[in-house]
Structures are given as C-alpha cells and as structure tokens.
Undergrad: 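Here it is: the structure, laid out below.
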Amino acid sequence: MAKIKIGVLASGRGSNLQAIIDACGKKNSAAEVAVVISDRADSYALIRAKTRGIKAVFIDPASYASRKLHEKAIVKLLQQNKADLVCLAGYMRLLTGFIIGKFKNRILNIHPALLPAFPGAHGQKDALNYGVKVSGCTVHFVVEKMDFGPIIAQVPVLVAENDSVETLAGRILKQEHKLYPKVIELFAKGKLQVKGRRVNIKN
Ligand code: GRF
C-alpha cells in the first residue's frame with residue numbers, strides 16, 4: 001500500500017521530528033516524511049531532515065506581509081510535496097483558518113501536558129508550578145483556538161517531588177517521542193474517526 005505523505009512544521013530542536021522520521025523508517029510504516037518546513041532559519045529540525053535526505057525549507061515569516069500570505073507559501077509547498085497530513089512538532093506559531101481549512105482534520109499537534117490543562121507555550125512549567133501530581137502529553141487535531149482541537153491520545157507522566165521543569169519535561173518528552181509516531185500510524189491507516197470533540201480509534 002502507498003504510504004501517506006507527511007509535511008512537518010517545526011520551529012526548534014526537532015526531537016519529535018526525529019522520532020517521526022525514525023518511526024517512518026521502520027518496516028511496515030504507513031507514512032513517510034515528504035517535507036519539513038520551518039519558520040526559523042536556525043531550527044535544528046531543518047538539519048535533522050537534510051541529514052536524512054528529506055526536503056527541508058525555511059519559509060521566513062518576515063518576508064510576507066501577513067500571516068495568511070506566509071501560510072499560503074507553506075500550503076503551496078505542502079501541496080507541491082503532496083502532503084496528506086501536516087504534523088506540528090514544536091511549531092511556535094498559531095495557525096489561521098486558512099491553512100486549517102486546506103487541511104481539515106489533517107493537522108496534528110503534540111502538547112507537553114494533559115489538555116485541556118496547561119495549554120500554551122509552557123505546559124510543563126505551568127503544570128509543575130500548579131502542583132499537579134500527574135501531567136503528560138497530548139496529541140490532538142488542530143483547530144484555530146490554541147491547543148483546543150479534538151484529543152486523539154494522551155499519556156500520563158507522574159510528577160516527582162524533586163522534579164525541576166527540566167526533569168519533568170525530559171520524562172514527558174520521552175513519552176512524546178513514542179506517542180506521536182503511534183498516532184501518525186493510526187491516522188495513516190485510516191483508524192481515526194472524528195465525531196464532534198470525540199475521536200474514536202477503530203480496530
Ligand atoms: C515539545 O515539548 C512539544 O510537545 C511542544 O514543543 C516541544 C518541541 O520539542 N509542542 P522538539 O522540537 O520536538 O524537540
């Protein structure tokens with residue numbers, strides 16, 4: 001069966017991208033990374049992609065007059081590379097309805113907390129400071145409201161008394177690297193069914 005093609009958007013170090021690339025390289029994987037796009041020239045994700053021979057492109061937001069025009073350039077590249085699915089992997093920009101409309105229920109994000117708790121850019125720190133005993137990670141479909149789309153899967157991570165933001169984030173990240181490829185595989189095999197806010201996983 002033909003593999004589905006993924007376009008990954010990343011802004012930073014790209015460890016989730018790496019986990020996705022590695023999982024796609026395994027026998028019987030139903031997906032492949034077709035293109036990696038970053039809004040930052042210095043994103044290590046671009047280097048990770050190039051190292052594996054994957055097309056990696058920096059699209060500079062500063063070169064476009066609006067968010068929509070920047071997204072138009074991204075959509076064009078995704079379409080040129082025949083992306084079936086878009087995965088946000090540490091992409092630090094809120095998407096507009098433009099790109100979301102072009103890839104309806106085909107954009108995923110991973111968040112380092114158990115949504116709907118602790119949305120935003122500091123999920124691990126906010127959870128630690130709040131004093132929760134359990135945090136974790138969430139993979140969800142992307143809608144215009146940040147970290148709000150239908151939840152596909154979550155993994156809990158216990159908070160230890162002596163945790164720092166770094167130690168907690170590190171344990172959550174390990175789970176992210178397992179969870180994201182699993183969800184991508186489910187998507188690729190057509191096993192995710194969205195019903196309103198609920199996502200059913202077919203057998
Ligand atoms: C991860 O913690 C992810 O949950 C969040 O941004 C971080 C990205 O890390 N959305 P990396 O760039 O994949 O290493």
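First listed ligand is number 1; within each ligand, the first listed atom is number 1.
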Undergrad: Taking ring-ring contact (aromatic ring centres under 6.0 Å, His included) as the criterion, tell me which of Phe98, Tyr64, Phe58 meets it with His70.
TA: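 It is Tyr64, the one option of Phe98, Tyr64, Phe58 that forms the ring-ring contact (aromatic ring centres under 6.0 Å, His included) with His70.
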Undergrad: Show which side-chain atoms of residues 47-57 pair as donor or acceptor with protein atoms under 3.5 Å away, not counting sequence neighbours.
TA:
unit_1	atom_1	unit_2	atom_2	d
Arg48	NE	Arg13	O	2.7
Arg48	NE	Gly14	O	3.1
Arg48	NH1	Gln18	OE1	3.3
Arg48	NH2	Arg13	O	3.1
Thr51	OG1	Ile47	O	2.6
Arg52	NH2	Asp22	OD1	2.5

Undergrad: Do Val33 and Val36 come within less than 4.5 Å of each other through their side chains, counting heavy atoms only?
TA: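 They are in contact (side-chain heavy atoms under 4.5 Å apart), so the answer is yes.
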Undergrad: Determine, for Phe141 and Arg106, whether the Lys NZ or Arg CZ falls below 6.0 Å from the six-membered ring centre while staying within 45 degrees of the axis.
TA: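 Pair Arg106/Phe141 does not count as cation-pi.
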Undergrad: For a quick check: using heavy atoms under 4.0 Å, what are the residues in contact with ligand 1, sorted by chain and number?
TA: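 Contacting ligand 1 under 4.0 Å are Arg13, Gly14, Ser15, Asn16, Gly90, Ile110, His111, Pro112, Gln124, Glu176.
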Undergrad: Under 6.0 Å from the NE2 atom of His177, do we count more than 12 heavy atoms belonging to anything else shown?
TA: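 Enclosed: over 12 neighbouring heavy atoms sit under 6.0 Å from NE2 of His177.
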Undergrad: Please check: side-chain N/O of His111 versus main-chain N/O of His140, any donor-acceptor pairing under 3.5 Å?
TA: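 Such a contact is absent between His111 side chain and His140 backbone.
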